[in-house]
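Heads up, the thing below is written out as structure tokens.
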Amino acid sequence: MPTYEEVLSLAKRLPLADQARLLEALSVSLPQAVRVEGTDEVIAAEEISASEAALQEYWAGRDRGITAAGLKQRLFGGNLGESAR
């Protein structure tokens, strides 16, 4: 049986479309939630899958992401350059 490292190496060599197919197939066959080691946090498999798919889109150049200023605006809103009064 191949080791984890061997399987991971092979998966990384797949074209992006095949990586996405593999991710989808694994997400169907894996548990629906993952517990973060050392914490009580549980992350849904759907959230992990969506995050991985977004990362693949970014790496493929189909999603350019947002700027740091755009992220700050989205997270905090308002006028970030003004001092509090």
Side-chain angles (χ1 to χ4, degrees):
M1 177 183 255
T3 66
Y4 168 83
E5 288 78 16
E6 291 168 334
V7 171
L8 180 60
S9 177
L10 290 171
K12 286 180 177 181
R13 286 189 252 154
L14 289 171
L16 286 177
D18 288 342
Q19 287 182 16
R21 287 179 50 217
L22 176 60
L23 178 62
E24 180 65 28
L26 288 173
S27 68
V28 169
S29 66
L30 294 176
Q32 296 302 308
V34 175
R35 183 172 304 279
V36 178
E37 286 185 35
T39 72
D40 291 333
E41 183 179 6
V42 176
I43 302 174
E46 295 84 18
E47 187 177 342
I48 295 169
S49 179
S51 178
E52 180 64 26
L55 181 59
Q56 293 296 330
E57 289 291 307
Y58 177 76
W59 282 344
R62 293 184 292 267
D63 179 354
R64 296 183 53 192
I66 63 174
T67 64
L71 178 60
K72 289 177 187 175
Q73 180 68 29
R74 185 179 293 175
L75 292 173
F76 305 114
N79 295 319
L80 298 172
E82 296 180 9
S83 62
R85 295 179 188 186

| said: Using modelled atom types and a 3.5 Å cut-off, is there a donor and acceptor pairing between side-chain atoms of Q56 and backbone atoms of L16? | reply: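 No: the side chain of Q56 does not pair with the backbone of L16.
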
Kindly compute the distance separating [atom1] ([X]) from [atom2] ([Y]), expressed to the nearest 0.5 Å.
| X | Y | atom1 | atom2 | answer |
| --- | --- | --- | --- | --- |
| D18 | R21 | CG | CZ | 5.0 Å |
| D40 | R35 | CG | CZ | 6.5 Å |
| S51 | E46 | OG | CD | 13.0 Å |
| K72 | I66 | NZ | CD1 | 11.5 Å |

| In chain order, what residues pass the salt bridge (charged side-chain N to carboxylate O under 4.0 Å, His left out) check against E52, with sequence neighbours excluded? |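 Result, salt bridge (charged side-chain N to carboxylate O under 4.0 Å, His left out) vs E52: none returned.
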
| query | Which atom pair, heavy atoms only, marks the closest approach of A33 to V42? | reply |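 For A33 and V42, the tightest heavy-atom pair comes out as CB-CG1, 3.5 Å.
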
| Between T3 and E6, is any pair of side-chain heavy atoms under 4.5 Å apart? |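 Yes, their side chains come closer than 4.5 Å.
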
| said: Would you say CZ of R64 has more than 12 non-hydrogen atoms from neighbouring residues, nucleotides or ligands within 6.0 angstrom? | reply: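 It does not: R64 CZ has 12 such atoms or fewer within range.
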
| Taking it one step at a time, do I48 and V34 satisfy side-chain contact (heavy atoms from CB on, under 4.5 Å)? | CA-CA 9 Å; I48 295 169; V34 175; 3.8 Å; yes

| query | Taking a hydrophobic cluster as the set of Ile, Leu, Val, Met, Phe, Trp and Tyr residues connected by side-chain heavy atoms closer than 4.5 Å, whether directly or through intermediates, do L23 and V28 fall within one such cluster? | reply |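 Unlinked, L23 and V28 end up in two clusters.
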
| Can L14 and L22 be said to form a side-chain contact (heavy atoms from CB on, under 4.5 Å), step by step? | CA-CA 9 Å; L14 289 171; L22 176 60; 4.0 Å; yes

